[in-house]
Amino acid sequence: MIEQRGSTGEQGAADLARRLRAADTGGWTPDGMRAVADRLGWTWDGTPDRPVLLTGRPSGAARLRPVGTGEERYVDGESYVELAVPLASAAPDAAAQAAAFRAAREELTTALGTPSVLGSYGDMGPFYDSGPLWGAPFVRWRGRPDTLELRAGTSGPELVLRPTDPAENWFWRQGTGEEHSLSGFFGGNRDRANAGLGFPGGWTARSWETVTRSLGDFLGALPAEATALGIGFGMPFYGRTGSGAPLLFDVACGERLAIGCFAPDGVDPAALGWGTVAEHPGTASVWSDDDPVWRVDAGGPGEPKGRALAELLVATARAAGVREPAGLVIGGEAEYVDGYHVRYYGLGLPTG
C-alpha cells in the first residue's frame with residue numbers, strides 16, 4: 001500500500017498517479033478504500049451512497065462511485081467502481097479544456113510511459129454516464145487488478161483509478177448491434193498490458209439521418225479531442241456506387257479539421273457547399289493546391305459545425321450514387337493512429 005501521509009495540496013499529477021497505481025485497493029470494498037484514503041492522508045466525507053474524499057488539493061475533493069443499479073451487473077464483489085480525482089479546472093470553452101487535458105496527459109506520459117489505451121467516450125461513458133459537450137477523450141494505463149485513466153471531467157481533466165474488469169465488462173456488453181449502442185472511438189496499442197483486452201462488436205447505421213447525427217457528433221468534437229490526445233487523424237471515406245467504390249472524402253485532423261472532396265463527374269461540389277483552396281487557404285498545409293480541388297477548413301477546437309459538415313458529406317455521397325449508409329466506408333488505414341489500432345464505434349459505418 002501507499003505509505004506517504006499528509007496533505008497533497010502541492011502534489012503534482014505525476015506523483016499522485018504513481019501513488020494511485022501503487023495503492024492496494026483491497027478489492028474495492030469499504031474497508032479497502034478507507035485504508036487507501038487513510039494512507040493518502042485524505043479525509044472520508046459525504047454520504048454512504050456518494051462518498052467524497054477531502055484531498056487538500058486545490059482542484060477539489062475526490063469522488064468514490066458506489067455500485068448502483070447501473071453498475072451491479074458488471075461487478076464481481078466490488079462496492080465501488082472508480083475513484084476520481086480532479087486535477088485542474090479550466091475555462092469551459094473547448095480550446096481551454098483540450099489544452100488542460102493535453103498538459104496533464106503530457107505530464108503523466110513522461111512519468112508513466114505511453115498509455116496502453118486511448119479514445120473518446122463520445123456521448124456515453126461507462127455505466128451510461130454522459131461526457132462533456134466539448135469532447136470526451138481519455139487515455140488509460142491498463143493494469144491488473146486496477147487501471148489508471150485520465151479523462152475529461154465536467155470542469156477539467158480527472159485522474160481515475162478503477163477496478164479493471166467492471167468498466168471493460170460494461171464496454172464489451174454494449175456491442176449489441178443496436179443503433180447508437182456505442183459511441184466515440186477506442187484504440188489499444190501493442191503494450192503487454194493489453195493482453196486479453198477485447199474489442200466489442202459495433203453497430204450499423206440504418207438511415208441517412210443516423211449517419212448525419214453520428215458523423216456530426218464525431219466531426220464537431222474531433223479537433224478538440226485530437227488536440228487533447230496529441231494525435232492526428234487521416235481518414236479516407238469511400239463510396240460504394242454502381243461503378244465501384246471510389247474515394248469520396250479525406251478527413252484530416254490534428255489541431256484543425258480539414259475535409260477534402262473527390263467528387264465524381266456529374267456532381268457539382270460548389271452547389272453542394274464545397275470550396276477551393278482560395279476560399280480555404282488554411283488547407284494548403286494539408287493538401288497541394290489542386291488535389292483535391294474541393295475542400296473545407298472546419299477550424300480548430302470548438303469551431304467545427306458538426307451537423308452542417310455531416311449534412312454536406314451525406315448530400316455529396318448520395319449525389320455521387322451511394323444508395324445506403326452501408327455504402328459509405330471508412331478506409332481501413334484510418335484504424336491505425338500513432339501506434340494504436342482504433343475503432344470508430346460511434347459512426348456506425350463499415351470499415352474496409
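The structure presented is a predicted model; accordingly, all values stated were derived computationally and were not measured.
Thr176 contributes no side-chain N or O that, together with a main-chain N or O of Arg173, makes up a donor-acceptor pair within less than 3.5 Å. No donor-acceptor pair closer than 3.5 Å links the side chain of Arg240 to the backbone N or O of Val329. Of the possible donor and acceptor atoms, one in the side chain of Thr164 sits under 3.5 Å from a partner among the backbone N and O of Gly143. A donor-acceptor pair under 3.5 Å is formed between the side chain of Ser116 and the backbone N or O of Arg140. Not one N or O on the side chain of Thr55 forms a donor-acceptor pair closer than 3.5 Å with the backbone of Ala62. Remark: side-chain polar atoms of Glu179 are paired, donor with acceptor, to backbone N or O of Arg206 under 3.5 angstrom. Within the 3.5 Å criterion, the main-chain N or O of Thr212 finds no donor-acceptor partner in the side chain of Glu311. At least one donor-acceptor pair closer than 3.5 Å links the side chain of Ser181 to the backbone N or O of Gln174. No donor-acceptor pair under 3.5 Å is formed between the side chain of Glu107 and the backbone N or O of Ala104. Listed for the Ser183 side chain is a donor-acceptor partner under 3.5 Å among the backbone atoms of Tyr121.
Within the structure, side chain to side chain donor-acceptor pair (under 3.5 Å) pairs that include any residue of residues 337-352 comprise Glu335-His341 (at least two apart or interchain). Applying the side chain to side chain donor-acceptor pair (under 3.5 Å) definition to pairs two or more places apart or across chains, those involving residues 315-331 are Trp274-Thr316.
Taken from CG in Leu148 to CG in Leu83, the straight-line distance is 10.0 Å, to the nearest 0.5 Å. Taken from CZ in Arg105 to CG in Leu112, the straight-line distance is 12.5 Å, to the nearest 0.5 Å. For the atom pair Tyr238 OH and Leu349 CG, the distance stands at 14.5 Å (nearest 0.5 Å). Between atom CG of residue Leu197 and atom CD of residue Glu168 there is a gap of 5.5 Å, rounded to the nearest 0.5 Å. Arg19 contributes atom CZ, which lies 7.5 Å from atom CG of Leu16 (distance to the nearest 0.5 angstrom). Interatomic distance, CZ of Arg295 versus CZ of Phe249, reported as 15.0 Å (0.5 Å rounding).
Across every non-hydrogen atom of Arg162 and Val81, the tightest pair is CB-O, 3.2 Å. Considering every non-hydrogen atom in both Pro30 and Ser79, the closest pair reads CD-OG, 3.4 Å. Taking each heavy atom of Leu347 and Phe218 in turn, the nearest pair found is CD2-CB, 3.6 Å. Across Pro137 and Gly135, no two heavy atoms sit closer than the pair CD-C, 3.3 Å. What you find for Val277 and Ala284 is that their closest heavy atoms are CG2-CB, 4.0 Å. The minimum heavy-atom distance between Asn189 and Gly339, with the atom names listed, is CB-O, 3.3 Å.
Within the 4.5 Å cutoff, the side chain of Phe237 has heavy atoms near those of the Val251 side chain. Side-chain contact between Leu257 and Leu219 is present, with heavy atoms from C-beta onward closer than 4.5 Å. By the 4.5 Å heavy-atom criterion applied to side chains, Trp42 and Val36 are not counted as neighbours. The shortest distance between side-chain heavy atoms of Trp294 and Val267 does not fall below 4.5 Å. Trp141 places none of its side-chain heavy atoms less than 4.5 Å from the side chain of Asp191. For the pair Ser155 and Pro86, the minimum side-chain heavy-atom distance is 4.5 Å or more. With contacts defined as side-chain heavy-atom distances shorter than 4.5 Å, the pair Arg50/Pro66 qualifies. In this structure, Pro200 and Trp203 have side chains that are not in contact, with every pair of non-hydrogen atoms separated by 4.5 Å or more.
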**Message:** Using side chain to side chain contact (heavy atoms under 4.5 Å, CB included), reason through Arg192 and Arg142 one step at a time and then give a plain yes or no.
**Reply:** CA-CA 10 Å; Arg192 286 185 294 178; Arg142 186 175 186 255; over 6 Å; no
**Prompt:** Passes side-chain hydrogen bond (donor to acceptor under 3.5 Å, both in side chains), Asp31 versus Thr29? Steps please.
**Reply:** CA-CA 5 Å; Asp31 287 346; Thr29 62; 5.7 Å; no
**Request:** Run the numbers on Leu309 and Leu215 for side chain to side chain contact (heavy atoms under 4.5 Å, CB included), then give the verdict.
**Result:** CA-CA 8 Å; Leu309 290 169; Leu215 194 56; over 6 Å; no
**Request:** Starting from the C-alpha separation in whole Å, work towards a yes-or-no answer on side chain to side chain contact (heavy atoms under 4.5 Å, CB included) for Leu248 and Phe262.
**Result:** CA-CA 5 Å; Leu248 292 182; Phe262 300 85; 5.9 Å; no
**Request:** Walk me through it: do Asp129 and Arg65 pass the test side chain to side chain contact (heavy atoms under 4.5 Å, CB included)?
**Result:** CA-CA 12 Å; Asp129 272 355; Arg65 179 168 181 160; 2.4 Å; yes
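Follow the hydrophobic side-chain contacts under 4.5 Å out from Val117 and you never reach Val342; the two are in separate clusters. The cluster map of Ile, Leu, Val, Met, Phe, Trp and Tyr, joined by side-chain heavy atoms under 4.5 Å apart, puts Phe138 and Trp170 in the same cluster. Clustering ILVMFWY residues whenever any of their side-chain heavy atoms sit less than 4.5 angstrom apart, transitively, puts Met235 in the very cluster that holds Val322. Follow the hydrophobic side-chain contacts under 4.5 Å out from Leu312 and you never reach Leu247; the two are in separate clusters. Val160 and Val75 are assigned to two separate hydrophobic clusters, defined by single-linkage of ILVMFWY side chains at heavy-atom distances under 4.5 Å.
The aromatic rings of Phe199 and Phe186 sit perpendicular, their planes meeting at an angle over 60°, well past the 30° parallel limit.
Judged as a salt bridge (Lys or Arg N to Asp or Glu O under 4.0 Å), and not counting sequence neighbours, the contacts of Glu158 are Arg63, Arg151.
Ionic pairing of Glu255 and Arg102 is present here: one or more N-O contacts between side-chain nitrogen and carboxylate oxygen are shorter than 4.0 angstrom.
Environment of CG in Asp76: sparse, with no more than 12 heavy atoms of neighbouring residues, nucleotides or ligands closer than 6.0 Å.
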